[in-house]
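First the structure, in the form of structure tokens, and then the observations on it.
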Amino acid sequence: MKFIDEADIELRAGKGGNGVVAFRREKYIPKGGPRRGDGGRGGNIIGEADRNINTLIEYRYARIHKSKNGQQGGGSDKHGAKAEDIILRFPVGTLVKEQESGDVIADFCKHGERVILARGGIGGLGNLRFKSSTNRTPRQFTLGKLGEI
């Protein structure tokens with residue numbers, strides 16, 4: 001087994017899901033009004049210190065780590081599903097630095113310590129969020145935000 005104490009990895013957090021425009025439809029209600037449709041949150045990438053690991057060999061060959069995007073919202077009060085977070089395990093004593101600037105992002109000193117290395121994007125808003133007393137059938141929505149790279 002090789003001992004690797006330095007590795008370059010690339011992290012890409014997930015994008016948030018888009019909001020949607022959806023309306024309530026019922027037979028005897030002519031203007032039903034808006035329904036929710038908020039998008040789901042993108043997945044985070046989390047680093048965790050683990051005392052049972054003593055090398056970075058795992059990150060020597062798997063260099064790109066991407067979390068999934070959040071799902072788009074739907075009609076009938078359905079929010080989009082949020083994406084799963086990815087947990088990367090590092091040996092205790094590992095320093096995580098940004099490659100271009102050299103800034104320290106995380107210093108894993110204790111077993112079980114967790115740090116969010118890349119934050120996922122926020123989901124977009126559906127048309128229910130834009131409803132007011134004068135705008136009863138809004139047709140606006142927002143797109144999901146990009147995650148950190």
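Each residue takes its place number in the sequence, starting with 1.
Remark: aromatic rings of F130 and F141 are distant, center separation not under 6.0 Å.
The salt bridge (charged side-chain N to carboxylate O under 4.0 Å, His left out) contacts involving residues 86-97 comprise E48-R89, where partners must be two or more places apart or lie in separate chains. Pairs of residues two or more places apart, or lying in two chains, never qualify as side-chain hydrogen bond (donor to acceptor under 3.5 Å, both in side chains) while including a residue from residues 63-72.
The backbone N or O of G124 sits nowhere less than 3.5 Å from a side-chain atom of N18 that would complete a donor-acceptor pair. Side-chain N or O atoms of D85 include one that pairs as donor or acceptor with a backbone N or O of N44 at under 3.5 Å. Panel note: side chain D107, backbone G93; no donor-acceptor pair is recorded below 3.5 Å.
In this structure, the separation between CD on E84 and NZ on K82 is 9.0 Å, given to the nearest 0.5 Å. Between the NZ atom of K145 and the CZ atom of R119 there is a distance of 15.5 Å, given to the nearest 0.5 Å.
Of the candidates L88, I149, I105, I64, L88 is the only one forming a side chain to side chain contact (heavy atoms under 4.5 Å, CB included) with L11.
Nearest heavy atom pair, residue G70 against residue A83, reads N-CB, 4.2 Å. Here the closest heavy-atom approach between residue K131 and residue R136 is recorded as CG-O, 4.5 Å. Nearest approach of A49 to K110, heavy atoms of both residues: CB-O, 3.1 Å. Scanning both residues, P34 and P138, for their nearest heavy atoms gives CG-CD, 4.0 Å. When all heavy atoms of E148 and A118 are compared, the closest pair comes out as OE1-CA, 3.5 Å.
Clustering ILVMFWY residues whenever any of their side-chain heavy atoms sit less than 4.5 angstrom apart, transitively, puts I116 in a cluster other than the one holding V96. Under the 4.5 Å side-chain heavy-atom criterion for grouping Ile, Leu, Val, Met, Phe, Trp and Tyr, I9 is connected to L117 within one hydrophobic cluster. Note on V115 and Y59: same hydrophobic cluster, where clusters join Ile, Leu, Val, Met, Phe, Trp and Tyr whose side-chain heavy atoms are under 4.5 Å apart, directly or indirectly.
Salt-bridge annotation for E10 and R12: present, with a side-chain N of the basic residue lying under 4.0 Å from a carboxylate O of the acidic one.
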For D8 and Q99, what are the C-alpha separation, side-chain angles and deciding distance, and is it a side chain to side chain contact (heavy atoms under 4.5 Å, CB included)?
CA-CA 8 Å; D8 291 332; Q99 191 163 5; 4.1 Å; yes
Candidate pair E58 and R60, rule salt bridge (charged side-chain N to carboxylate O under 4.0 Å, His left out), full reasoning:
CA-CA 6 Å; E58 180 178 328; R60 175 71 137 203; over 6 Å; no
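For E98, the CD atom is densely surrounded, since the number of other residues' heavy atoms within 6.0 Å is greater than 12.
Here the side chains of N54 and P91 are not in contact, with every heavy-atom distance at 4.5 Å or above. Using a 4.5 Å cut-off on side-chain heavy atoms (C-beta onward), V92 and F108 make no contact. No side-chain heavy atom of Q140 sits less than 4.5 Å from a side-chain heavy atom of V21. With a 4.5 Å cut-off on side-chain heavy atoms, E6 and L56 do not count as touching. Residues H111 and D50 have side chains in contact (heavy-atom distance under 4.5 Å, counting atoms from C-beta outward).
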